[in-house]
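Single-structure report; data block below.
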Amino acid sequence: VQLQASGGGLVQAGGSLRLSCAASGSITGRHVMGWSRQPPGKQRAVIATIEDNRTTTYADSVRGRFTISRDNAKNTVFLQMDGLKPEDTAVYYCWATMRSGIYWGQGTQVTVSS
């Protein structure tokens, strides 16, 4: 399984970005996909997850501003980020976990200017 993340960039505070994560390979059975982020000088942390049944979870820091969704037909997961704040600046990573293991995409940089 390979994951390809895209959609990062530079945006002003209050703006929006949409990240995409396209998965290639076999994603079948029970699995969870999600997004983590790593701000400068800090540890990577999970911010949003979506199960194969579309159940979602969010970190407190992004709940109400970010929305995770998926297109099963295209094996793609999205992260819609609205109301961005400077503290959202980070490298964002998508991932998928299933019986065979956990898979990570390459990071995509999101920078929010004040």
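Note that this is a predicted model, so its numbers are computed, not measured.
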Y93 side-chain N/O to Q38 backbone N/O, donor-acceptor pair under 3.5 Å: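 Answer holds: no.
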Side-chain donor/acceptor of Q2 to backbone N/O of A23, under 3.5 Å: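 Not at all, since once roles are kept as given, no pair shorter than 3.5 Å links the two residues.
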Enumerate the disulfide (SG to SG under 2.5 Å) contacts for [range], please, sequence neighbours excluded, ordered by first and then second residue.
{"range": "residues 36-69", "answer": "none"}
{"range": "residues 41-80", "answer": "none"}
{"range": "residues 55-88", "answer": "none"}

Nearest-0.5 Å distance, [atom1] of residue [X] to [atom2] of residue [Y]:
{"X": "K85", "Y": "S114", "atom1": "NZ", "atom2": "OG", "value": "14.0 Å"}
{"X": "I68", "Y": "W35", "atom1": "CD1", "atom2": "CH2", "value": "8.0 Å"}
{"X": "T56", "Y": "M33", "atom1": "OG1", "atom2": "CE", "value": "14.5 Å"}
{"X": "F66", "Y": "I47", "atom1": "CZ", "atom2": "CD1", "value": "5.5 Å"}
{"X": "R63", "Y": "T57", "atom1": "CZ", "atom2": "OG1", "value": "8.0 Å"}

Which residues pass the side chain to side chain contact (heavy atoms under 4.5 Å, CB included) test with [X], not counting sequence neighbours?
{"X": "Q80", "answer": "S16, R18, T67, D82"}
{"X": "V11", "answer": "L17, L84, V112"}
{"X": "A90", "answer": "R37, P39, Y92"}
{"X": "S69", "answer": "F78"}

Going by side-chain hydrogen bond (donor to acceptor under 3.5 Å, both in side chains), name the residues that satisfy it together with [X], two or more places apart in sequence or in a different chain.
{"X": "Q109", "result": "T111"}
{"X": "S6", "result": "none"}
{"X": "T55", "result": "N53"}

State, to 0.1 Å, how close [X] and [Y] come at their nearest heavy-atom pair, and which atoms those are.
{"X": "P40", "Y": "T89", "value": "CD-O, 3.7 Å"}
{"X": "T108", "Y": "G8", "value": "OG1-N, 3.2 Å"}
{"X": "Q106", "Y": "L3", "value": "OE1-O, 3.7 Å"}

Pairwise salt bridge (Lys or Arg N to Asp or Glu O under 4.0 Å) hits with a residue in residues 64-79, at least two apart: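 Sorted result for residues 64-79: R65-D88.
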Transitive ILVMFWY side-chain link V77 to W104, under 4.5 Å: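 Result: no, two separate clusters.
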Hydrophobic cluster identity match, L19 and V46, side-chain contacts under 4.5 Å: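 No, it is not one cluster - the side chains of L19 and V46 are not joined through contacts under 4.5 Å.
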All N/O donor-acceptor pairs, side-chain side in residues 94-102, below 3.5 Å, sequence neighbours left out:
| from | atom 1 | to | atom 2 | distance (Å) |
| --- | --- | --- | --- | --- |
| W95 | NE1 | S36 | OG | 3.0 |
| S100 | OG | Y103 | OH | 2.8 |

Residue R54 excluded, over 12 heavy atoms near CZ under 6.0 Å: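 Atom CZ in R54 is packed in, count exceeds 12.
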